[in-house]
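Everything on this sheet refers to the single structure shown next.
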Amino acid sequence: DAGQNYIGMISGAKRYILHPPNQCSKLGIVPHRESSLFRHSPLYFGKTSSEDPLEQAWLDRAGSSLAVETVLKQGEVLFVPSHWFH
């Protein structure tokens, strides 16, 4: 996102993995405005292996990217800087 974001957790908890902008090339983010996936990645990041060699190559590449991981809990707020993938 081009703007700064705040994520507030009302109840429960959720894991967030944030990648700085310089890591986006490793995440398979679609750069084409005409695509319905524009600025999103078709990768399922909960998956660690694939029988599809192309998908596996992208999963390996994404796995080598730098990231910050946290668990946001009830009552907490997470600040997401501009252009950080989450």
Side-chain angles (χ1 to χ4, degrees):
D1 295 330
Q4 299 172 350
N5 291 289
Y6 289 91
I7 301 168
M9 188 59 55
I10 304 296
S11 66
K14 184 174 181 180
R15 176 178 164 224
Y16 283 89
I17 302 172
L18 300 108
H19 300 269
N22 66 357
Q23 297 298 299
C24 288
S25 64
K26 295 182 178 182
L27 303 175
I29 296 172
V30 177
H32 310 291
R33 289 186 181 277
E34 62 278 357
S35 172
S36 62
L37 288 174
F38 176 60
R39 294 186 351 193
H40 292 81
S41 175
L43 294 175
Y44 170 54
F45 292 99
K47 192 175 184 181
T48 57
S49 65
S50 173
E51 297 200 14
D52 177 350
L54 181 58
E55 183 180 36
Q56 185 60 53
W58 272 108
L59 288 170
D60 292 342
R61 188 173 182 174
S64 72
S65 66
L66 299 176
V68 176
E69 182 177 346
T70 190
V71 175
L72 193 61
K73 299 177 188 124
Q74 181 176 337
E76 295 180 336
V77 175
L78 175 65
F79 171 71
V80 182
S82 298
H83 303 288
W84 278 57
F85 186 78
H86 58 284

Can you pull the salt bridge (charged side-chain N to carboxylate O under 4.0 Å, His left out) pairs that have at least one residue in residues 55-67, sequence neighbours excluded?
Lys47-Glu55
Treat each ILVMFWY residue as a node, draw an edge where side-chain heavy atoms are under 4.5 Å apart, and state whether Ile17 and Leu27 are in one component.
no
Could you check whether any side-chain N or O of Gln23 sits under 3.5 Å from a backbone N or O of Ser65, counting only pairs where one atom can act as donor and the other as acceptor?
no
Not counting sequence neighbours, which residues clear side chain to side chain donor-acceptor pair (under 3.5 Å) with Arg33? List them please.
none
Would you say the side chain of Asn5 lies within less than 4.5 Å of the side chain of His86, judging by non-hydrogen atoms?
yes
Assigning hydrophobic clusters by single linkage (Ile, Leu, Val, Met, Phe, Trp, Tyr; side-chain heavy-atom cutoff under 4.5 Å), is Ile7 placed with Trp84?
yes
Side-chain donor/acceptor of Gln56 to backbone N/O of Ser50, under 3.5 Å:
yes
Shortest non-hydrogen contact from Ala13 toward Val71:
CB-CG1, 4.1 Å
Student check: side-chain heavy atoms of Tyr16 and Val80 closer than 4.5 Å
no
Let's go through Glu76 and Thr70 carefully: what are the C-alpha distance in whole Å and the side-chain angles of both, what is the deciding distance for side-chain contact (heavy atoms from CB on, under 4.5 Å) to 0.1 Å, and is it a yes or a no?
CA-CA 11 Å; Glu76 295 180 336; Thr70 190; 6.0 Å; no
How far does CG of Leu66 sit from CG of Leu18, to the nearest 0.5 angstrom?
13.0 Å
How many angstroms lie between atom NZ of Lys14 and atom CD of Gln74, to the nearest 0.5 angstrom?
16.0 Å
Write down the atom of Pro21, the atom of Ser82, and the distance for their closest heavy-atom approach.
CG-O, 4.1 Å
Using a 6.0 Å cut-off, check whether atom CD of Glu34 has over 12 heavy atoms from anything other than its own residue.
yes
Are Met9 and Lys73 packed together at the side-chain level, in the sense that at least one heavy-atom pair is separated by less than 4.5 angstrom?
no
Of the options Pro20, Ser25, Cys24, which is the one that meets Asn22 in a side-chain contact (heavy atoms from CB on, under 4.5 Å)?
Pro20
